[in-house]
Amino acid sequence: QVQLVQSGGGLVQAGESLTLACVVIGRTISDYAMGWFRRAPGKEREFVAAISRSGLATRYADSVKGRFTISRDNAKNMAYLEMNSLKPGDTAVYYCAAESLTWTSVADGPQNYGTWGQGTQVTVSS
């Protein structure tokens, strides 16, 4: 059974950076496309970024494009979300997600992902 375990997150000031990490346990990460989602207080869960199994295709929400970078290290079974120029509006619980898609596919809908991490809080103060 595959599990996703997240690390990173915390409290930062606006303009600072954070990197979230997600390790895949029980299977090899190369079997999965990976995604990052977030849920802010009182809001629906929203898509942040996704990366294909190959790592060659990525997709970002407009709100984070140019500031966030999703990556993966298949040798380490890890996925990452590097977040720069953070804004108070980025405050949310962030979740990584995995799904066995084709080698070059990415997906931005939460319904496309069957396995989820435990979530990690990111708080950006102004």
Side-chain angles (χ1 to χ4, degrees):
Q1 182 178 355
V2 63
Q3 287 184 294
L4 306 182
V5 178
Q6 298 177 224
S7 59
L11 172 63
V12 297
Q13 293 188 333
E16 294 184 339
S17 300
L18 274 177
T19 297
L20 306 182
C22 177
V23 61
V24 176
I25 297 173
R27 293 283 298 273
T28 177
I29 195 174
S30 60
D31 288 342
Y32 298 97
M34 302 296 295
W36 288 93
F37 293 79
R38 66 187 182 187
R39 187 193 298 272
K43 295 187 177 181
E44 297 286 322
R45 181 173 45 185
E46 66 171 354
F47 168 74
V48 176
I51 188 166
S52 64
R53 290 169 59 195
S54 67
L56 297 179
T58 57
R59 185 178 297 169
Y60 295 92
D62 288 343
S63 59
V64 307
K65 205 170 293 183
R67 299 188 298 122
F68 290 14
T69 302
I70 188 172
S71 62
R72 61 190 298 149
D73 185 336
N74 286 352
K76 294 183 178 179
N77 251 27
M78 299 285 296
Y80 305 96
L81 183 68
E82 179 183 351
M83 305 182 292
N84 298 312
S85 302
L86 282 161
K87 304 174 182 180
D90 296 317
T91 295
V93 177
Y94 284 72
Y95 299 89
C96 66
E99 185 55 54
S100 183
L101 303 178
T102 62
W103 187 243
T104 57
S105 294
V106 291
D108 56 17
Q111 69 279 5
N112 297 120
Y113 293 87
T115 302
W116 292 81
Q118 80 277 18
T120 186
Q121 177 70 45
V122 172
T123 303
V124 185
S125 65
S126 58

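These values consider heavy atoms only, across backbone and side chains, with no hydrogens, waters or symmetry-generated copies.
- For A21 against M78, the heavy-atom pair with the smallest separation is CB-CE, 3.6 Å.
- With hydrogens and angles disregarded, a donor-acceptor distance shorter than 3.5 Å links the side chain of Q6 to the backbone of Y94.
- Of the inter-residue distances, the one linking T123 atom OG1 with L86 atom CG reads 10.5 Å to the nearest 0.5 angstrom.
- A salt bridge links K65 to D62: at least one charged side-chain nitrogen sits closer than 4.0 Å to a carboxylate oxygen.
- W116 carries R45 over the face of its six-membered ring, with the cationic atom under 6.0 Å from the centre and within 45° of the normal.
- Nearest approach of S17 to S85, heavy atoms of both residues: OG-N, 4.3 Å.
- One N or O on the side chain of T120 and one on the backbone of G8 form a donor-acceptor pair closer than 3.5 Å.
- Put simply, V5 and Y80 are part of the same group of oily side chains (I, L, V, M, F, W, Y) that touch within less than 4.5 Å, one to the next.
- A distance-only check finds no donor-acceptor pair linking the side chain of E99 to the backbone of A33 [under 3.5 Å].
- Tracing side-chain contacts under 4.5 Å through hydrophobic residues (I, L, V, M, F, W, Y), one never reaches Y113 starting from F68; they form parts of separate clusters.
- A search for ring-ring contact (aromatic ring centres under 6.0 Å, His included) contacts involving Y95 returns nothing, not counting sequence neighbours.
- For CD of Q111, the number of neighbouring non-hydrogen atoms (other residues, nucleotides, ligands) closer than 6.0 Å is greater than 12.
- Closest approach of A14 to P88, counting heavy atoms only: CB-CD, 4.1 Å.
- The closest donor-acceptor contact from the side chain of R53 to the backbone of L101 lies under 3.5 Å.
- Clustering ILVMFWY residues whenever any of their side-chain heavy atoms sit less than 4.5 angstrom apart, transitively, puts I51 in a cluster other than the one holding F47.
- Both L18 and V124 are members of a single hydrophobic cluster when ILVMFWY side chains are connected at heavy-atom separations under 4.5 Å.
- There is a path of hydrophobic side-chain contacts, each under 4.5 Å, that joins I29 to W36.
- Of the possible donor and acceptor atoms, none in the side chain of R59 sits under 3.5 Å from a partner among the backbone N and O of G35.
- Looking only at distances, a side-chain donor or acceptor of N77 sits under 3.5 Å from a matching main-chain atom of V24.
- When all heavy atoms are compared, the tightest approach of M34 to I70 is O-CD1, 4.0 Å.
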